[in-house]
Amino acid sequence: MQDTHRLASVSAFAALSPQQLRLVAGALKQESYHAGQDIFAQGSPAESMIILLAGEAVLFRTNADGSQTPLATVSPGQILNQEALFSSAIQSATLRAAQPSSVYELARADLQRLLVEEPELRSAIGADKGARRADINPQFAEQRADEEILIQTHRHWWSFARRAWLPLLLMLALSFGATQLEAPAAALVAFGLSFLLPGLALLYAYVEWRNDSVIVTDQRIIRINRTILALYRQVTQVGMESVHEVNFEFPSTDPFARLFRYGTVIVKTAGAQGNLELDFMPNPEQFQKLIIEDRQYFESRQAQRHHKIVREELQRAMASDAADDAEAATADPDAAPRPIPGTNGYLSSRILMSNGDIVYRKHVSVWAKHTVLPLIIVLASVTALLLSATLVSPDLRIVALPASFVALLVGCLAYYWMDWDWRNDLYIISDDTITLVHKRPFFLQSLRDQILVERIDNVESVTSGFLAALLKYGDVRMSLVGADEPKMFHRVSNPREIQQEISRRQHNRAERRAKVDARQQRQILDEYLGSVNGGGADVLRRAAAAAEADLNDGGTRATSNADRNRPPRLPRKVLAAAKPNGPASAASINSASSRRPRRLRADGRARDPS
């Protein structure tokens with residue numbers, strides 16, 4: 001029972017039934033390692049998923065100079081190398097047992113053999129996911145292991161064509177002018193330039209059009225805007241759980257919109273700041289329908305997942321399996337988090353904490369910008385002190401030495417102020433909250449702004465300018481439910497990575513909340529049955545059997561009772577049906593559907609089922 005419970009926490013196995021989980025658990029192999037022994041080594045093939053059962057292990061990377069950089073401390077229950085189950089890879093670090101440890105190993109070869117023997121597992125696990133990932137545009141390399149792309153498209157072709165007429169007209173005009181020149185050499189050069197210059201402009205307009213894209217998956221909506229000359233990149237994403245309403249309209253001032261079937265799709269969230277407006281979308285009706293179906297399917301899966309978690313908790317209670325509860329009890333929630341060695345250097349802008357939090361500082365260029373002048377003053381004053389003590393005449397030394405010393409003190413104080421200010425402006429990402437800390441030295445200012453992860457509507461990362469693109473820094477903006485102004489991470493390193501980290505925490509938040517709610521329900525049931533003389537086990541068995549019947553029935557009961565079974569959510573907007581003859585159409589999320597949404601082609605049309 002405990003083995004299947006651990007496997008259910010693996011994203012690839014989250015959709016498996018209890019019988020299927022038991023089949024996979026049968027392929028697990030338990031291995032023991034003594035302290036100091038490598039569980040896997042850096043540079044070796046990654047062929048197995050690892051689940052640490054007991055003991056403790058250290059994950060570290062060996063650098064080119066032979067030094068070792070600690071990455072993390074692995075505790076019982078943690079899972080590593082999930083990707084090794086479906087694709088070949090090389091270990092990028094070493095996992096070494098810090099004390100006598102035992103692990104479960106699930107080899108890729110054993111899983112593939114099981115998939116051949118049990119074909120129904122292949123579709124449930126999504127073993128063909130690797131083939132899908134090969135078709136992904138590199139702009140969306142952050143696709144999650146359990147995420148499926150429904151459509152990946154660009155703006156309508158007319159958004160490019162409406163800007164292409166000027167280079168084409170210029171090409172014709174210049175080529176005609178070249179033919180009027182009498183000198184053959186000049187005419188040949190002018191004729192070549194008449195095609196080269198407008199052609200380059202036309203190529204640039206085409207690349208700009210292809211650079212921008214919109215991606216809809218079964219979990220979120222992503223819009224990517226890029227400008228080549230300005231080196232500007234903006235990535236905005238909205239999770240399906242934040243989508244409340246989807247509208248589309250044909251611009252009334254654009255006569256070509258209805259002719260070529262493109263329009264504006266507006267994705268609305270609980271907060272106005274989080275709304276996402278997608279212009280020049282091909283077939284906006286189909287695009288709207290896709291998002292609505294996707295949102296309903298997402299609700300259905302959330303309800304079924306919560307239903308499954310409750311069923312597993314009932315089965316664990318029936319089996320008196322309290323291992324997870326005991327493990328949770330051994331953790332010390334009051335223990336102060338500490339930086340993981342190797343991540344907290346003098347100028348580190350990303351620090352990993354022992355409790356799983358990640359602390360970000362502003363980019364090191366911000367530190368350099370503010371400390372360069374104090375450092376120059378310090379160096380100049382030290383040089384002046386040395387010169388005053390050796391070369392300056394005694395009469396001038398009386399003035400030069402004090403002045404140089406005062407300048408040295410001022411420079412040191414300014415450096416301390418600027419360094420302390422950079423070091424204590426922090427952005428802390430944890431499982432449930434995001435904290436923005438802004439401090440000034442000598443207790444002049446101390447601001448601490450804390451945001452709940454579940455209150456974030458959308459997350460946007462922006463990189464703009466040559467220096468930002470070269471040094472890889474930018475801003476991260478978070479739109480919140482009910483807030484008038486977004487919260488910002490200013491000039492941080494790798495803003496796209498931070499955006500994905502926040503998105504990952506949002507994605508995991510709902511599952512953790514469902515598990516906590518299910519555990520609380522089980523505890524309440526345990527307390528109630530404990531006061532009943534006998535019959536408690538029978539009640540638990542009947543409850544577990546009823547939950548099993550619900551799941552085996554295709555999840556219809558879980559779907560129809562989605563509002564009752566899933567964790568509490570924000571109230572959803574209800575939008576009246578739009579008139580069919582109106583200039584715009586709108587749709588809102590009114591009921592959950594268990595049907596998987598259709599995948600669309602890049603032009604917004606439904607794909608051929610074959």
Side-chain angles (χ1 to χ4, degrees), residues 58-73 92-93 231 233 336-383 408-430 434-449 461-477 487-502:
V58 177
L59 189 69
F60 63 89
R61 179 180 294 117
T62 302
N63 303 316
D65 58 0
S67 61
Q68 295 179 348
T69 301
L71 301 179
T73 300
S92 60
L231 294 177
R233 179 185 180 90
R338 62 186 187 278
I340 293 178
T343 66
N344 190 22
Y346 183 74
L347 294 179
S348 295
S349 58
R350 181 179 184 270
I351 304 171
L352 302 178
M353 306 300 291
S354 57
N355 62 348
D357 295 355
I358 303 180
V359 179
Y360 293 95
R361 294 191 181 110
K362 293 181 180 179
H363 192 267
V364 69
S365 63
V366 178
W367 175 87
K369 176 183 177 181
H370 290 90
T371 58
V372 61
L373 182 59
L375 286 174
I376 292 175
I377 294 175
V378 169
L379 293 176
S381 59
V382 169
T383 303
L408 178 62
L409 289 178
V410 171
C412 291
L413 181 61
Y415 175 81
Y416 171 79
W417 182 288
M418 296 302 178
D419 178 76
W420 200 96
D421 183 44
W422 175 83
R423 204 166 298 282
N424 288 275
D425 283 352
L426 306 175
Y427 307 110
I428 307 172
I429 300 179
S430 65
I434 295 176
T435 306
L436 288 74
V437 180
H438 185 66
K439 292 183 178 180
R440 289 282 186 269
F442 308 119
F443 304 99
L444 293 179
Q445 185 182 38
S446 181
L447 301 178
R448 189 179 183 89
D449 194 358
S461 64
V462 178
T463 300
S464 179
F466 173 78
L467 194 60
L470 179 65
L471 300 179
K472 296 182 179 180
Y473 69 79
D475 299 333
V476 177
R477 187 181 77 167
K487 300 297 182 181
M488 299 285 294
F489 286 19
H490 293 284
R491 294 193 68 173
V492 289
S493 300
N494 298 312
R496 194 176 178 188
E497 175 187 319
I498 297 177
Q499 178 189 37
Q500 295 305 319
E501 181 65 28
I502 296 174

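Predicted model, so just to flag it, every value in this text is computed and none were measured. All values below come from the heavy atoms of this structure, side chains included, with hydrogens, waters and symmetry mates left out. Just so you know, residue 1 is the first one in the sequence shown, and it goes up from there.
The closest side-chain heavy-atom distance from I498 to S461 is not below 4.5 Å. Counting heavy atoms from C-beta on, the side chains of M353 and I340 never come closer than 4.5 Å.
To the nearest 0.5 Å, atom CZ of residue R350 and atom CD1 of residue I429 are 9.0 Å apart. Separation of atoms CG (L59) and OG1 (T69) is listed at 11.0 Å; rounding is to 0.5 Å. With values rounded to the nearest 0.5 angstrom, D425 atom CG is found 9.0 Å from W420 atom CH2. We find the SG-CG distance between C412 and L375 to be 9.5 Å, quoted to the nearest 0.5 Å. The CG atom of L447 sits 9.0 Å away from atom CZ of R440, with the distance rounded to the nearest 0.5 Å. With values rounded to the nearest 0.5 angstrom, L426 atom CG is found 10.5 Å from F489 atom CZ.
Residues P495 and V476 come closest through the heavy atom pair O-CG2, 3.6 Å. Minimum heavy-atom separation, F60 to P70: CB-CA, 3.9 Å. Listed here is the closest heavy atom pair of L436 and M488: CD2-O, 3.3 Å. Nearest heavy atom pair, residue D475 against residue R491, reads OD1-N, 2.8 Å. The two residues D357 and S430 come nearest to each other via the heavy atoms OD1-CB, 3.1 Å.
Classification of the W367-Y346 ring pair by plane angle, with boundaries at 30° and 60°, yields perpendicular.
Put simply, the side chain of W422 gets close to the backbone of K362: a donor and an acceptor are under 3.5 Å apart. Side chain of Y427 to main chain of H490: a donor-acceptor pair is present (N/O by atom type, distance under 3.5 Å, no hydrogens or angles). Judged purely by atom type and a 3.5 angstrom limit, S67 has no side-chain atom pairing as donor or acceptor with the backbone of N63. Between the side chain of R361 and the backbone N or O of S348, at least one donor-acceptor pair lies under 3.5 Å. The backbone N or O of V364 lies less than 3.5 Å from no partner atom in the side chain of S349, so there is not a single donor-acceptor pair.
For L471, the side-chain contact (heavy atoms from CB on, under 4.5 Å) partners are H363, S365, L467, Y473, not counting sequence neighbours. When the side-chain hydrogen bond (donor to acceptor under 3.5 Å, both in side chains) test is applied to R423, the partners found at least two apart in sequence or on another chain are D419. Partners of T435 under the side-chain contact (heavy atoms from CB on, under 4.5 Å) rule, at least two apart in sequence or in another chain, are I428, T433, V437, R448, Q450.
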Take I358 and I351 through the side-chain contact (heavy atoms from CB on, under 4.5 Å) test and state the conclusion after the steps.
CA-CA 6 Å; I358 303 180; I351 304 171; over 6 Å; no

Trace of the side-chain contact (heavy atoms from CB on, under 4.5 Å) decision for K487 with D449:
CA-CA 9 Å; K487 300 297 182 181; D449 194 358; 2.7 Å; yes

